Amino acid sequence: QLRLDLNQFSARSAKAVADVLPPSLKELRLRFHGRSFMWLDVGDNNHEDKGTEILATSLPRRLQKLRLMLECTDAGAAALCENLPGGLEQLDLSLQFRVRNGCREAALQRVPEALSAMLPRLRDLAALRMSLGMLVISPQGLRTFAGALPACRRLTDLRLDLSGRGDLGDEAAEALAAAIPRGLVRLALCLRSWRFTAPGAQAL
């Protein structure tokens, strides 16, 4: 078990952590509390994305429990999703999204697609807690992500914070409701920015 609480995420700090992760590690809590000014679209996001990729590819393959909080772009999040260890039983992801190359809409499909590809690989996943701060989600992106949730057949604990920006209403609420796995022991949804009406609320 290893728990680290650090300041601002950077490629340098990611490499420093990656270099000391023991291969036998089964539980990791890694939280980068600091926030950069990357949301103002200044600085080198591509360099920081490389740090996210380095960290992701260095995660021990035997890891069973992962709690990760950091700042990233859609490209960094995609790299993270592609490289998570397949034996995870508990995954707690808190991602604060930054602008990449001046494109505020870049994450509309890339992140949902990466998440939908990730979930079927995590066959032992019993608990998924995910917060996607400031992520712009389109209705199609939501359907893409939600469509992969039933693949998590062992899931009993699902907590999602999808309250970022996006035009999500009744159709998105119905798609999410239909995809929620049956047999959950715990379910928590934070959908603050959604604009659904009575039909969407009823579906949920």
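Along the sequence shown, the residues carry numbers beginning at 1. Since the structure is predicted, the reported quantities are computational estimates derived from the model, not experimental observations. No hydrogens, no waters, no symmetry mates; every other heavy atom, side chains included, goes into these values.
When each of L187, L122, L184 is paired with L155, the side chain to side chain contact (heavy atoms under 4.5 Å, CB included) condition holds for L184 and for no other. Evaluated for a side-chain hydrogen bond (donor to acceptor under 3.5 Å, both in side chains) with D157, the options R129, R186, Q90 yield exactly one hit, R129.
For the atom pair C81 SG and R110 CZ, the distance stands at 10.5 Å (nearest 0.5 Å). To the nearest 0.5 Å, the span separating CZ on F32 from CD on E71 amounts to 11.5 Å. Taking CD from Q96 and CG from L132, the interatomic distance works out to 10.0 Å, rounded to the nearest 0.5 Å. Atoms CG and OG, on L6 and S13 in that order, are 7.0 Å from each other to the nearest 0.5 Å. Residue L189 holds its CG atom at 10.0 Å from CG of D161, rounded to the nearest 0.5 Å. K65 contributes atom NZ, which lies 13.0 Å from atom CG of L91 (distance to the nearest 0.5 angstrom).
A donor-acceptor pair under 3.5 Å is formed between the side chain of R182 and the backbone N or O of I180. A donor-acceptor contact shorter than 3.5 Å links the side chain of D170 to the backbone of G200. R61 contributes a side-chain N or O that, together with a main-chain N or O of L59, makes up a donor-acceptor pair within less than 3.5 Å. Judged by distance alone, the side chain of S116 and the main-chain N or O of P112 form a donor-acceptor pair under 3.5 Å. A distance-only check finds a donor-acceptor pair linking the side chain of R121 to the backbone of L84 [under 3.5 Å]. Not one N or O on the side chain of D124 forms a donor-acceptor pair closer than 3.5 Å with the backbone of E89. In this structure, the side chain of W194 does not engage the main chain of A172 through any donor-acceptor pair within 3.5 Å. One N or O on the side chain of S193 and one on the backbone of S163 form a donor-acceptor pair closer than 3.5 Å.
Between F97 and C72 there is a side-chain heavy-atom pair separated by less than 4.5 Å. A 4.5 Å side-chain heavy-atom check between L162 and L142 finds at least one atom pair inside the cut-off. Looking at heavy atoms from C-beta onward, L191 lies out of side-chain contact with L160 at the 4.5 angstrom threshold. Using a 4.5 Å heavy-atom threshold, the side chains of S24 and R62 count as touching. In this structure, the side chains of L80 and L95 come closer than 4.5 Å at one or more pairs of heavy atoms. Within the 4.5 Å cutoff, no side-chain heavy atoms of V111 are placed close to those of F145. At a threshold of 4.5 Å between non-hydrogen side-chain atoms, the residues E174 and P199 count as touching. Using a 4.5 Å cut-off on side-chain heavy atoms (C-beta onward), L176 and L168 make no contact.
In terms of heavy atoms, G141 sits closest to S138 at N-OG, 2.9 Å. Shortest non-hydrogen contact noted between F196 and A201 is CD1-N, 3.7 Å. Residue A79 comes nearest to A56 through the heavy atom pair O-CB, 3.9 Å, listed as atom of the first residue, atom of the second, then distance. The two residues P60 and P85 come nearest to each other via the heavy atoms O-CG, 3.3 Å. Listed here is the closest heavy atom pair of A179 and L149: O-CB, 3.6 Å. Annotation for G147 and P150: closest pair O-CD, 3.5 Å, computed over non-hydrogen atoms.
Placement of L4 and I54 in two distinct hydrophobic clusters is found when ILVMFWY residues are connected by side-chain heavy-atom separations under 4.5 Å, directly or transitively.
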Go through D5 and R29 one step at a time and tell me if the salt bridge (Lys or Arg N to Asp or Glu O under 4.0 Å) criterion holds. CA-CA 8 Å; D5 284 85; R29 188 187 76 177; 2.8 Å; yes
Decide yes or no on side chain to side chain contact (heavy atoms under 4.5 Å, CB included) for L115 and T144, but give the supporting numbers first. CA-CA 9 Å; L115 290 170; T144 298; over 6 Å; no
Determine whether R143 and E171 satisfy the following criterion, salt bridge (Lys or Arg N to Asp or Glu O under 4.0 Å), listing intermediate values before the conclusion. CA-CA 9 Å; R143 287 192 295 271; E171 184 181 346; 2.6 Å; yes
What do the steps show when you test L66 against D92 for side chain to side chain contact (heavy atoms under 4.5 Å, CB included), and what is the final call? CA-CA 6 Å; L66 174 62; D92 188 335; over 6 Å; no
Step-by-step side chain to side chain donor-acceptor pair (under 3.5 Å) determination, H33 to N7: CA-CA 5 Å; H33 293 272; N7 197 8; over 6 Å; no
